[in-house]
J.: 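My questions will all concern the structure given below.
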Amino acid sequence: MYDIKALYEAASVEDAIRLRLEHPEAQIIAGGSDVLVQMREGKRAGKELISIYGIDALRGVTMEPDGTICIGSLTSFSHITRDPIVQRYINVLGEAVDQVGSPQIRNIGTIGGNTCNGVTSADSASTLHALEAIVELTGKNGVRRIPIHDFYLKAGVVDLRGENGEIQTAIRIPKESYENTYGHYIKYGMRNAMEIASLGCSVNVRLSPDKQTIERCRIAYGVAGPVPMRAPSAEAIANGSRITEQMVTEFALAVLEDIRPRDSWRASKAFRQHIAVEMAQRALIRSIELAGGGIA
């Protein structure tokens with residue numbers, strides 16, 4: 001069923017780096033919910049695999065002394081959704097990954113696998129972009145940390161340097177990106193479960209003490225271009241603005257200046273543009289409500 005040339009199992013991060021350097025053509029596999037499907041379809045037939053699934057040090061969610069939330073790359077979607085740190089500070093991420101596949105996939109699939117797969121439709125990707133996540137990579141030269149928007153190079157390709165034996169070890173959310181911030185994620189698909197997104201939209205806001213003004217807004221999309229992306233034109237309209245119906249409308253329309261959807265069998269470019277505006281408006285309004293505000 002699976003055409004696998006060889007399987008190597010890493011016992012530690014250091015072991016995984018060694019195996020990467022010894023087998024530069026090998027494919028990293030974590031939970032396998034993406035890689036094994038691709039192999040079954042023949043896309044990665046005959047490949048060597050390096051399994052990092054046994055490295056327990058890469059599991060779990062912690063908060064560092066400076067407030068950074070660190071999510072180990074092997075942390076499953078179901079763990080993220082249930083984690084008390086996530087629920088308290090970045091519940092929008094738990095909300096997003098809870099829409100991945102089925103309960104079985106959410107139990108085995110990992111946040112690292114979801115991002116390293118490099119696809120724009122990954123349910124975690126738009127929310128991690130809106131949260132300005134930092135990707136942690138570890139290789140023979142030590143630890144490298146880069147903003148998530150720099151991690152995605154092009155469709156299906158991420159900045160993971162095999163020549164350095166790198167593996168992704170964590171996703172980090174800085175305190176500045178989530179403190180007093182509330183967000184909402186909307187996924188559009190042709191069905192409610194076991195569906196790849198036709199479009200995903202994630203918004204988060206931080207309101208002024210009187211709840212009348214948006215101090216900070218971030219919006220990001222999946223499937224609105226070849227890689228997940230922010231919509232800076234829309235953010236510029238919301239940031240520092242009083243909350244009004246007109247502002248919300250202008251914010252939503254402004255996303256069309258930044259997104260680059262395409263036609264596919266799942267949805268046309270025109271339809272994606274249409275729902276992108278609607279999703280931006282709905283996600284912003286819901287984020288404002290979660291933050292304790294409302295439309296004036």
Side-chain angles (χ1 to χ4, degrees), residues 89-93 95-96 120 122 124-135 146-154 172-188 197 199-262 269-296:
Y89 296 104
I90 50 171
N91 193 53
V92 61
L93 180 60
E95 181 182 81
T120 184
S124 67
S126 56
T127 296
L128 290 174
H129 275 69
L131 287 170
E132 299 175 320
I134 304 295
V135 178
I146 59 174
I148 194 164
H149 65 82
D150 292 334
F151 183 59
Y152 285 78
L153 300 178
K154 60 182 181 178
R172 301 166 62 84
I173 314 294
K175 184 177 182 180
E176 168 60 23
S177 296
Y178 71 80
E179 188 174 30
N180 299 321
T181 298
Y182 299 83
H184 185 56
Y185 172 73
I186 301 175
K187 174 180 180 177
Y188 181 89
L199 197 72
C201 175
S202 189
V203 173
N204 63 67
V205 300
R206 179 181 300 138
L207 301 186
S208 60
D210 65 3
K211 309 298 183 183
Q212 300 298 308
T213 300
I214 296 177
E215 291 187 343
R216 178 185 183 275
C217 175
R218 299 290 184 267
I219 177 171
Y221 285 93
V223 209
V227 295
M229 61 177 60
R230 296 257 297 273
S233 298
E235 292 176 356
I237 287 174
N239 286 328
S241 296
R242 289 188 62 81
I243 303 169
T244 64
E245 287 187 10
Q246 181 179 348
M247 183 277 294
V248 172
T249 299
E250 292 176 356
F251 165 86
L253 289 172
V255 303
L256 297 175
E257 299 178 28
D258 299 309
I259 63 174
R260 292 177 287 136
R262 64 179 179 88
K269 174 182 177 180
F271 182 68
R272 285 191 167 105
Q273 289 174 322
H274 172 74
I275 61 174
V277 173
E278 183 66 24
M279 292 166 80
Q281 181 169 297
R282 293 187 185 190
L284 178 63
I285 290 172
R286 182 56 182 153
S287 298
I288 291 168
E289 290 172 347
L290 290 169
I295 307 298

J.: Ignoring hydrogens and geometry, is there a side-chain-to-backbone donor-acceptor pair from K211 to A291 under 3.5 Å?
T.: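 Looks like yes, one N/O pair under 3.5 Å.
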J.: Is the backbone of Y182 close enough, under 3.5 Å, to the side chain of N204 for a donor and an acceptor to pair up by distance?
T.: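 It does not hold such a pair.
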J.: Would a distance-only check, ignoring hydrogens and angles, find a side-chain to backbone donor-acceptor pair under 3.5 Å from S177 to I173?
T.: no
J.: Could you go through the side-chain hydrogen bond (donor to acceptor under 3.5 Å, both in side chains) check for S126 and S202 one step at a time?
T.: CA-CA 6 Å; S126 56; S202 189; 5.0 Å; no
J.: Where the side chain of R272 meets the backbone of R262, is there a donor-acceptor pair that is under 3.5 Å apart?
T.: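 Between the backbone of R262 and the side chain of R272 there is a qualifying donor-acceptor contact (under 3.5 Å).
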J.: Please check if the side chain of Q212 supplies one atom and the backbone of R242 the other of a donor-acceptor pair under 3.5 Å.
T.: no
J.: With side chain to side chain contact (heavy atoms under 4.5 Å, CB included) as the test, would you mind laying out the steps for L207 and E215 before giving the verdict?
T.: CA-CA 5 Å; L207 301 186; E215 291 187 343; over 6 Å; no
J.: Ignoring hydrogens and angles, tell me if any N or O in the side chain of E289 forms a donor-acceptor pair with the backbone of G294 under 3.5 Å.
T.: no
J.: Can you tell which of T181, N239, N180 makes a side chain to side chain donor-acceptor pair (under 3.5 Å) with R206?
T.: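 For R206, the side chain to side chain donor-acceptor pair (under 3.5 Å) check succeeds only for T181.
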J.: Under 4.5 Å between any side-chain heavy atoms of D258 and R230, yes or no?
T.: no
J.: Do the side chain of T120 and the main chain of V223 share a donor and acceptor less than 3.5 angstrom apart?
T.: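 Yes; at least one donor-acceptor contact below 3.5 Å.
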J.: Do side-chain atoms of Y221 reach the backbone of A276 as a donor and acceptor pair under 3.5 angstrom?
T.: yes
